[in-house]
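Notes to accompany the following structure.
Everything numeric here is computed off the predicted structure, so don't read it as measured data. Just so you know, ligand 1 is whichever comes first in the structure, and atom 1 is the first atom listed for that ligand. Both backbone and side-chain heavy atoms feed into the values below; hydrogens, waters and symmetry mates do not.
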Amino acid sequence: MYTQSFSVPDDEGKTARPTAASRPASEREAALQAQFDARIDADGRIEPRDWMPEAYRKTLVRQISQHAHSEIVGMLPEGNWISRAPSLKRKAILIAKVQDEGGHGLYLYSAAETLGTSREDMLEALHSGRAKYSSIFNYPALNWADMGVIGWLVDGAAIMNQIPLCRCSYGPYARAMVRVCKEESFHQRQGYEALLVMMKGTQAQRDMVQDAVNRWWWKCLAMFGPPDADSPHSAQGMRWGIKRISNDELRQKFVDATVPQAQVLGVTLPDPDLKWNEARGHYDYGAIDWDEFWQTVNGHGPMNKERLATRVKAHDDGAWVREAALAHADKQQQRARKAA
Ligand code: FAQ
């Protein structure tokens with residue numbers, strides 16, 4: 001829908017230049033820092049074995065692991081509906097989508113591991129509640145129309161945010177995002193198509209779709225993160241070519257792309273202030289409830305506790321699989337040693 005036409009110029013986001021976080025400790029380090037800066041300025045890629053500033057590495061571990069956690073926790077609202085899908089076709093689509101999200105999480109954990117962190121540490125941070133994951137997955141999915149709306153709006157917002165990440169300066173993250181975005185595009189389309197079908201159905205079905213849109217719209221706008229002025233990581237993230245487009249710009253692009261889709265669908269977006277602004281060439285929209293966003297991000301949303309408890313249980317229930325895989329690998333190694 002909007003993935004194919006969305007390209008990011010090479011120098012986008014490079015105008016803000018915060019001062020270096022710390023003075024290089026030695027001449028060698030200064031030379032490495034200069035090489036790193038030159039590669040970033042030339043829009044080159046940084047690879048796992050390249051020297052990188054510690055703050056760059058930490059920022060990437062933070063963002064990539066949060067992203068991975070979001071994909072993994074993001075399986076839960078839809079996973080709950082697999083057994084209640086209205087037809088075999090919808091069930092097969094939903095299973096495939098939820099599986100994709102699990103795959104995205106695993107890709108992203110692997111990308112983060114190339115930066116020297118371990119899967120165990122990342123999972124421990126998630127399970128103990130120390131790590132963040134996307135606010136959006138702390139809201140309940142109440143009816144079947146939510147499955148369509150999650151595809152259309154949640155995946156739609158995710159794609160808008162992730163397409164620029166395909167050109168992130170860190171190679172493994174950028175490459176992972178190319179495949180992830182292709183799959184997210186399918187996720188969005190299946191959601192929109194499911195809603196189109198419901199909107200051609202009974203009045204009760206149309207009401208369900210509108211109700212789901214009412215509940216998810218504002219939460220999706222908040223997914224893009226705090227306003228640029230309140231976003232502590234944006235300026236440096238953009239300087240490093242990790243982020244290419246700011247939170248507010250992406251949010252605006254999402255609104256502009258989604259309004260016509262809502263018109264085709266025949267739903268009303270729940271914002272009385274939403275209107276085309278000829279002078280700006282964009283849609284104006286109303287105020288987002290940032291207090292509610294921060295409450296949710298900080299662990300006090302409607303579903304935070306339940307989501308984490310479900311993840312921890314799934315991890316614990318899977319312990320025997322990990323142990324069996326390790327025992328098998330150990331046996332294979334022993335056999336190989338004996339044969340050598
Ligand atoms: N939820 O200074 P900024 C998906 C935190 S994947 C929770 O703006 P930054 C697929 C932020 O981490 C969805 N926390 O930070 C799917 C930071 O906290 P920290 C996830 C949020 O990193 C679909 C603090 O606020 N996508 O949906 C949120 O420069 C359907 C200050 O914020 C990604 O992770 C939030 N919404 O920009 C799966 C994409 N927003 O670390 C299943 C990659 C901000 O200081 C079903 N990530 N925070 O404690 C990014 O692009 C960026 O990290 C942003 C935040 C844009 C999320």
Side-chain angles (χ1 to χ4, degrees), residues 13 16 58-81 94 97-105 107-108 111-112 125-126 129-139 141 146-166 168 170 173-174 176-177 180-181 183-188 190-191 216 218-240 242-251 254 288 290 292-301 304 307:
K58 277 197 177 145
T59 294
L60 282 165
V61 169
R62 178 187 66 78
Q63 180 166 327
I64 301 172
S65 62
Q66 286 178 1
H67 192 165
H69 300 327
S70 304
E71 298 279 358
I72 296 294
V73 179
M75 297 165 77
L76 299 177
E78 290 166 295
N80 277 339
W81 280 89
L94 196 57
K97 179 180 191 298
V98 172
Q99 247 172 15
D100 283 353
E101 282 148 10
H104 297 173
Y107 263 15
L108 288 164
L126 174 67
R130 268 191 299 121
K132 287 196 170 66
Y133 58 86
S134 183
S135 49
I136 195 76
F137 302 118
N138 292 306
Y139 298 98
D146 289 41
M147 296 303 96
V149 169
I150 289 176
W152 174 39
L153 296 180
V154 176
D155 284 277
I159 297 169
M160 194 57 90
N161 163 270
Q162 288 170 192
I163 290 283
L165 293 174
C166 297
C168 162
Y170 188 58
Y173 192 25
M177 292 321 294
V180 168
C181 283
E183 292 177 351
E184 301 286 27
S185 183
F186 149 70
H187 296 172
Q188 191 215 18
Q190 67 77 35
W216 289 95
W218 289 104
K219 323 290 183 217
C220 289
L221 293 194
M223 272 177 82
F224 293 93
D228 294 349
D230 303 326
S231 162
H233 304 301
S234 275
Q236 186 65 75
M238 290 181 82
R239 167 67 190 109
W240 277 327
I242 296 173
K243 280 172 107 156
R244 299 279 177 169
I245 303 185
S246 81
N247 297 359
D248 284 331
E249 275 180 87
L250 286 171
R251 193 171 1 254
F254 176 71
I288 295 169
W290 291 113
E292 200 234 278
F293 168 79
W294 287 117
Q295 281 280 324
T296 304
V297 169
N298 291 322
H300 310 296
N304 295 59
R307 296 287 186 240

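The protein heavy atom nearest to atom 39 (C) of ligand 1 is Asn161 OD1, 3.0 Å. Looking only at protein heavy atoms, the nearest one to atom 37 (O) of ligand 1 is Lys243 NZ, 2.9 Å.
Considering both main-chain and side-chain atoms, Lys97 never comes within under 3.5 Å of ligand 1 through any nitrogen or oxygen pair. For the pair Asp155 and ligand 1, the shortest N or O to N or O distance does not fall below 3.5 Å.
Proximity to Gln66 (heavy-atom distance under 4.0 Å) selects the following atoms of ligand 1: 12 (O), 19 (P), 41 (O). Atoms of ligand 1 found under 4.0 Å from any heavy atom of Ala158 (numbered from 1 in listed order, with element): 4 (C), 10 (C), 27 (O). Those atoms of ligand 1 with a heavy atom of Gly74 less than 4.0 angstrom away are 42 (C), 46 (C). Atoms of ligand 1 lying under 4.0 Å from at least one heavy atom of Phe224, given by number and element, are 56 (C). Residue contact check: Ser70 has heavy atoms under 4.0 Å from atoms 13 (C), 20 (C) of ligand 1. Counting the atoms of ligand 1 from 1 in the order shown, those under 4.0 Å from a heavy atom of Glu78 are 46 (C). Proximity to Ser231 (heavy-atom distance under 4.0 Å) selects the following atoms of ligand 1: 2 (O), 3 (P), 8 (O). Listed by atom number, the atoms of ligand 1 under 4.0 Å from Ala222 heavy atoms are 36 (N).
Contact annotation: the side chain of Met238 never approaches that of Arg244 to less than 4.5 Å [non-hydrogen atoms, C-beta and beyond].
No donor-acceptor pair under 3.5 Å is formed between the side chain of Asn161 and the backbone N or O of Ala157. Listed for the Arg251 side chain is a donor-acceptor partner under 3.5 Å among the backbone atoms of Leu221. The backbone N or O of Leu60 sits nowhere less than 3.5 Å from a side-chain atom of Gln63 that would complete a donor-acceptor pair.
Ligand 1 lies out of reach of Gly237, whose nearest heavy atom is not under 4.0 Å from it. For Glu184, the closest heavy-atom approach to ligand 1 falls below 4.0 Å. Contact analysis puts Leu165 in contact with ligand 1, with a non-hydrogen atom separation below 4.0 angstrom.
Contact check on Lys219 versus Glu292 returns a salt bridge, with a Lys/Arg side-chain nitrogen under 4.0 Å from an Asp/Glu carboxylate oxygen.
Below 30°, between 30° and 60°, or above 60°: for Trp216 and Tyr139 the angle between ring planes is above 60°, a perpendicular geometry. Ring pair His104/Tyr107 is tilted by interplanar angle, where 30° to 60° counts as tilted.
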